[in-house]
There are 2 protein chains.
Amino acid sequence: MIDLEKTQRRIDRFPALCRRAGLKVTPQRSAVYAMLASTDTHPSPDTIFSSVREGLPNISQGTVYKVLDLLTERGLLVKVATPGQVARYDARTEPHYHAVCIRCGGIEDVQAEAAPPVPRGDPDGGFDVHKVDVVLQGLCHKCRAPDA
Amino acid sequence: MIDLEKTQRRIDRFPALCRRAGLKVTPQRSAVYAMLASTDTHPSPDTIFSSVREGLPNISQGTVYKVLDLLTERGLLVKVATPGQVARYDARTEPHYHAVCIRCGGIEDVQAEAAPPVPRGDPDGGFDVHKVDVVLQGLCHKCRAPDA
DNA sequence: GTTCCTGCAAAGGTTTTGCACCATA
DNA sequence: TATGGTGCAAAACCTTTGCAGGAAC
């Protein structure tokens with residue numbers, strides 16, 4: 001499912017993206033970004049922390065949160081929209097749908113049949129759209145099945 | 001923006017909806033539902049709690065959370081998909097978009113020009129779609145403007 | 001009368017914050 | 001060397017949980 005070339009290209013571009021955003025390039029930021037660029041699982045801060053710590057044993061949770069916030073604010077990452085769950089992040093910007101199970105919280109990628117319908121008219125006159133996320137809420141395969 | 005007739009009709013139907021869902025009708029549930037049906041601000045559990053407590057001074061936070069969870073699970077309410085924020089709820093099921101500011105967290109309703117593109121093909125063969133939420137992420141009018 | 005719901009209060013998990021030290025540019 | 005980032009640890013939030021008393025059917 002993951003395009004390795006695209007992933008690598010994204011990681012290679014990271015230093016340039018940082019500089020353009022006025023940010024210093026640090027090992028912590030690079031590791032967080034690379035981890036996100038290499039997966040399609042929409043990981044939470046805690047998952048990112050655990051994964052990144054394998055390569056950078058001294059990184060702290062606080063730093064992960066700060067990096068995620070900053071990169072999101074500068075548009076290098078995106079928070080996946082989920083109904084009232086912990087934050088989930090994504091380094092991929094291609095339009096795709098997310099299916100979120102309202103019972104177990106799992107997120108599946110859904111192939112978009114068409115580009116999401118961006119309201120070109122900029123409805124309120126002032127909203128600067130960075131990303132359009134189409135979120136399917138419902139019950140996943142597992143949670144659909146009768147419990148008992 | 002709010003259709004008072006529609007709101008009232010929704011509130012009137014609540015007892016019937018509860019019974020159909022196998023739930024008892026209680027003042028707490030009715031109040032939470034009525035509060036949500038009367039607004040388009042996608043309030044958080046805490047906001048709902050404060051508002052409902054004006055009419056039911058003894059209601060507790062725990063009850064509000066339990067009611068919201070249960071009504072959502074039974075399909076009477078919907079959790080609005082937001083990027084890593086506190087939960088937000090909605091009693092309205094008509095298709096509309098949400099624009100979420102990644103800086104201040106505000107949510108604006110956006111008039112949908114067309115119904116969201118539900119993938120009829122049920123992509124993974126097993127996802128039972130209850131609701132499709134289209135979420136615009138970006139910067140709202142206020143947060144766009146230069147800070148200093 | 002039975003079943004289910006509520007209120008309370010404590011616990012669990014997530015995210016934010018402040019500050020001294022350190023790395024990048 | 002100046003600026004900005006990191007690590008640590010505490011605090012602030014948000015949400016869940018368990019249980020005894022009470023309300024709906």
Side-chain angles (χ1 to χ4, degrees), chain A residues 14-33 35 42-74 76-77 79-80 82-89 102-105, chain B residues 14-33 35 42-50 52-74 76-77 79-80 82-89 102-105 148:
Chain A
F14 181 67
L17 289 173
C18 272
R19 280 183 216 108
R20 189 185 312 164
L23 302 173
K24 289 182 180 173
V25 181
T26 69
Q28 291 85 347
R29 289 175 180 175
S30 302
V32 166
Y33 186 84
M35 189 269 173
H42 322 294
S44 64
D46 191 59
T47 306
I48 296 166
F49 172 59
S50 303
S51 169
V52 164
R53 196 164 44 165
E54 289 170 16
L56 290 172
N58 290 322
I59 195 171
S60 69
Q61 288 233 47
T63 296
V64 171
Y65 276 100
K66 285 169 193 164
V67 167
L68 291 170
D69 273 3
L70 197 57
L71 296 187
T72 299
E73 187 197 311
R74 303 297 167 95
L76 308 203
L77 293 178
K79 274 192 181 182
V80 177
T82 62
Q85 294 182 9
V86 300
R88 304 279 206 121
Y89 289 86
I102 58 175
R103 191 166 296 170
C104 74
Chain B
F14 180 67
L17 289 173
C18 272
R19 281 184 215 108
R20 189 186 310 163
L23 301 173
K24 289 182 180 172
V25 182
T26 68
Q28 291 84 351
R29 290 175 179 175
S30 301
V32 166
Y33 187 83
M35 189 270 173
H42 322 293
S44 65
D46 191 59
T47 306
I48 296 167
F49 173 60
S50 303
V52 165
R53 196 162 45 163
E54 290 172 13
L56 291 171
N58 291 321
I59 196 171
S60 69
Q61 288 233 45
T63 295
V64 171
Y65 276 101
K66 285 169 194 165
V67 168
L68 292 170
D69 273 3
L70 197 57
L71 296 186
T72 299
E73 187 196 311
R74 304 296 169 96
L76 309 201
L77 293 178
K79 272 192 181 181
V80 177
T82 62
Q85 296 182 8
V86 300
R88 305 280 205 122
Y89 289 85
I102 58 175
R103 190 166 295 170
C104 74

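Under the rule for a side chain to side chain donor-acceptor pair (under 3.5 Å), B:S30 has no partner lying at least two apart in sequence or in another chain. A:T26 pairs by the side-chain contact (heavy atoms from CB on, under 4.5 Å) definition with A:Q28, A:R29, not counting sequence neighbours. Checked against side chain to side chain donor-acceptor pair (under 3.5 Å), B:T72 has no partners two or more places apart in sequence or in another chain. With sequence neighbours left out, the ring-ring contact (aromatic ring centres under 6.0 Å, His included) criterion links A:Y89 to no other residue.
Rounded to the nearest 0.5 angstrom, A:L71 CG and A:L23 CG are separated by 6.5 Å.
Close approach of DNA chain C to chain A, defined as any atom under 4.0 Å from a non-hydrogen atom of the protein, starts and stops at C:dT14 to C:dA25.
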Using atom names, set out every protein N or O paired with an N or O of nucleotides 18-21 of chain D below 3.5 Å, distance rounded to 0.1 Å.
| residue | atom | partner | partner atom | Å |
| --- | --- | --- | --- | --- |
| D:dG18 | O6 | B:K66 | NZ | 2.9 |

- Apply side chain to side chain donor-acceptor pair (under 3.5 Å) to the pair A:T47 and A:S44, showing each step before the final yes or no. CA-CA 5 Å; A:T47 306; A:S44 64; 3.0 Å; yes
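Each end of the helix from C:dG1-D:dC25 to C:dA25-D:dT1 yields a helix axis from five base pairs, and these two axes differ in direction by 50° (to the nearest 10 degrees).
Residues from residues 19-30 of chain B with heavy atoms under 4.0 angstrom of DNA chain D, sorted by number: B:K24, B:V25, B:P27. Within residues 42-50 of chain B, the residues having any heavy atom under 4.0 Å from DNA chain D are, by residue number, B:P45.
Regarding contacts with the backbone of D:dT16, every side-chain N or O of B:Y65 stays at 4.0 angstrom or more from both OP1 and OP2.
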Enumerate, atom names and distances included, each donor-acceptor pair closer than 3.5 Å involving a side-chain atom of residues 56-69 of chain B, sequence neighbours excluded.
| residue | atom | partner | partner atom | Å |
| --- | --- | --- | --- | --- |
| B:S60 | OG | B:T63 | N | 3.3 |
| B:S60 | OG | B:T63 | OG1 | 3.1 |

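Checking side-chain atoms of B:R88 against main-chain N and O of B:V80 turns up no donor-acceptor pair under 3.5 Å.
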